[in-house]
Protein chains: 4
Amino acid sequence: MTQTRIDLEQLAAMTGREQLEAMLDGRLPPAPIGLLVGLVDFEVRAEGAVAVSLVPRPEHYNPIGTVHGGIHSTLLDTAAACSVHSTLAPGERYTSLDLTVKFLRPVTVETGRVTALGEVLQRGRRTALAQAQLRDEAGRLLAHATSSCLIVPPAG
Amino acid sequence: MTQTRIDLEQLAAMTGREQLEAMLDGRLPPAPIGLLVGLVDFEVRAEGAVAVSLVPRPEHYNPIGTVHGGIHSTLLDTAAACSVHSTLAPGERYTSLDLTVKFLRPVTVETGRVTALGEVLQRGRRTALAQAQLRDEAGRLLAHATSSCLIVPPAG
Amino acid sequence: MTQTRIDLEQLAAMTGREQLEAMLDGRLPPAPIGLLVGLVDFEVRAEGAVAVSLVPRPEHYNPIGTVHGGIHSTLLDTAAACSVHSTLAPGERYTSLDLTVKFLRPVTVETGRVTALGEVLQRGRRTALAQAQLRDEAGRLLAHATSSCLIVPPAG
Amino acid sequence: MTQTRIDLEQLAAMTGREQLEAMLDGRLPPAPIGLLVGLVDFEVRAEGAVAVSLVPRPEHYNPIGTVHGGIHSTLLDTAAACSVHSTLAPGERYTSLDLTVKFLRPVTVETGRVTALGEVLQRGRRTALAQAQLRDEAGRLLAHATSSCLIVPPAG
C-alpha cells in the first residue's frame, strides 16, 4: 500500500488486467461500490475470468427477509463486467449494455459466503459476452447472469 | 409512527398493496436494503405501479467513475417486484424469477435524483411480468428492465 | 410492382424508413423469412414503430400442440429490429445484439391472427433499444420482447 | 417407423426423455415446426442435454442478407426447452417462460451446418434454467441463449 499512485498517462498504457491488478495492490483506488455493499476477495483468476465474494448480512435484506436481488445483481455485474475488463488491450475501454439475472435459490445469512465467478464467453472486436455464476461454499448455483459489453477502441 | 406493529396473522389477511402501505407508514419495518443503498420516496402510485428514487453519491461508483450497474439493478428490481407485490391478494406470495436490465446512459452525481417506475404488464394466476424504467428529473430514460415473477397461491 | 428495382448506390442514399417502404411497394425484394414463416401485413406506422402479423397454422406447432416459441421470436424480432431500421439515416446500418422474449399465453390456431408491434424506446448514436408486444385481435398481450441494436455509422 | 402409435394414457406414463425418444423413432409424431424451418438431427445426448441442427438456406434470410434472428431463436429455444423436457418425470409437464438470445456472429449459407446444444443448468421442483449454444462445424460460438421453464407437477 506504500506504492505510488498511477497517473492517467500510465493508466492508458496498461492492459485491463494490469489495471485490475493495480487496484488490488493499492496503486489504483478501490471501487466505492465494493465498500458500500461489502464485496470481498476480488480476484483476477485469468484473462477473462474474475471472482468476487460477499458474506450476506441483514442489511442486504428485502422486505420478505431474503437478500435483495440488487445484491445478487451487484455481485454478478461486477464478476461479468470485470471479466471483460481483464481482456482489454491498452487504450481500449468498455461499457456494459445489459445484465440478465436469473434468481435460482433464495440467499439469507444462513447461506454463508457466496462467490460470483465471471467468464468471457465470446470476445469480438466491438462487443463481448460474459456469463457469471453465483454459488455458495457447497457449490450450489444460486443465481446466473449474462452480460453484453460494448468495446470502445483506443482513440485515434 | 406511533402506530402498533402488525403481527403475522394480520399480515396474512392483508393485500399486497396494504402490506406495502403499512411499511410506508411504519406499522411494518422498512426494507434494510433501502437504508444500505439509499432508496428514498418509495410510493405505491396504483395497484401495479410503484416508484422509488435515489440520489447518486460517490459511494455508488464503480472503478470507472460512474454509478455501478448493481445500483440501477437495485432500483429497477425494487420498482418491478414491488409493482407485482402491490397486486397480491391476501395470502398470496411471490418470488422474482429474473431481472433483465438494459443500461442506456451513464449515471453520475451530476445526473441528480433518479426515479424508477415499475408497472405490471401482465398478471396471470401463476406468473406476472413487470417492467421498470429509470429516468432522471428531466424525464430522460437511463435504464430499462423487465422482470418475471412466480405467484405462490395461498396455502390450503 | 412494375417499379424499377433499386441499385446499391440508390440504397445507400435512402433512409431506413425509405428502404422499408421500398420493400413494401416492391422496389426492393421482400424478406425470404417472411414467406417461409408466413409473416403478413408488415407496416411502418411511424419512424420507430413497425407492425407485422401472422395467422397461426398447425405447421407452426411444437410437439406439445402450441405455436413454437421460435415463431413468437420471429415476429417479435422482426417488429423490434425493423422499428430500429426505420430510424436509420442514409448510410447508417444496424445489427441486433440480443432478443429477450417473455412467453405470456399459449398461441394456437384458435387464437387467430396475432400482431407484433415494435417501438424504439431509446435511440443513441451507437445503440438503440426497442420493445415489441405480441397481441391477439382482442388486444390481449401474448408475448413481450426487448432487443438492443448496435448502430454502425456511415463509412468514411 | 412401423411401430404402433402411442395413446394418451401411455404418454402420461412415460418420462420426458422417453417421450422425446418416441418422437425420434416415429412412435410419436414429429414436431411440425421442425419440418417448416428445416431442423435436422435432433438428438437426446443425455438427460438434460439435447442437440439439434440446421443447414442455412436463402429462405432463412432477413432483408439484410443473413439468417433471420428468428431462426437462431427457433434452434436455441428447441435445444433449451427440450433439454428441460428430457428431465421430466412421468406426468410432469413444462412451459417456457422466456428466451434470452445473444447474437454473436452473422450466419449465412457460407457458414454451413450449425448445431444448437441445450443443457439444463439448474432443475428445481417448480422451475428449471437451461442454456443453449449455437456453434458452426468449426466450433465457433454464433449465438447463446438462456431460458427459464415452469414445471407443472402431475395432476392429483
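Proteins come first, then strands; the chains are lettered A, B, ... in the order of their sequence lines, and each starts at number 1.
With a threshold of 4.5 angstrom between heavy atoms, A/Ile64 approaches chain B through side-chain atoms but not through N, CA, C or O. When heavy atoms are compared at a cutoff of 4.5 Å, B/Leu104 does not approach chain A at all. Both the backbone and the side chain of B/Thr78 have a heavy atom closer than 4.5 Å to some heavy atom of chain A.
Heavy-atom contacts from other residues, nucleotides or ligands closer than 6.0 Å to CZ of B/Arg93 number 12 or fewer.
Of the listed residues (B/Thr95, B/Leu150, B/Leu99), just one forms a side chain to side chain contact (heavy atoms under 4.5 Å, CB included) with A/Phe103, and that residue is B/Leu99.
By number of non-hydrogen pairs under 4.5 angstrom with chain A, the leading residue of B/Lys102, B/His85, B/Gln19 is B/Lys102. Taking A/Ile33, A/Thr74, A/Asp98 one by one and counting their heavy-atom pairs under 4.5 Å with chain B, the maximum is reached by A/Ile33. Between chain B and the residues A/Glu59, A/His60, A/His144, the largest count of heavy-atom pairs under 4.5 Å involves A/Glu59. Options B/Thr66, B/Leu75, B/Val101, B/Leu35 differ in how many heavy-atom pairs under 4.5 Å they form with chain A, and the most are formed by B/Val101.
A donor atom on one side chain and an acceptor atom on the other are not found under 3.5 Å apart for B/Ser73 and A/His72.
Smallest separation of non-hydrogen atoms from B/Ala31 and A/Asn62: CB-C, 4.2 Å.
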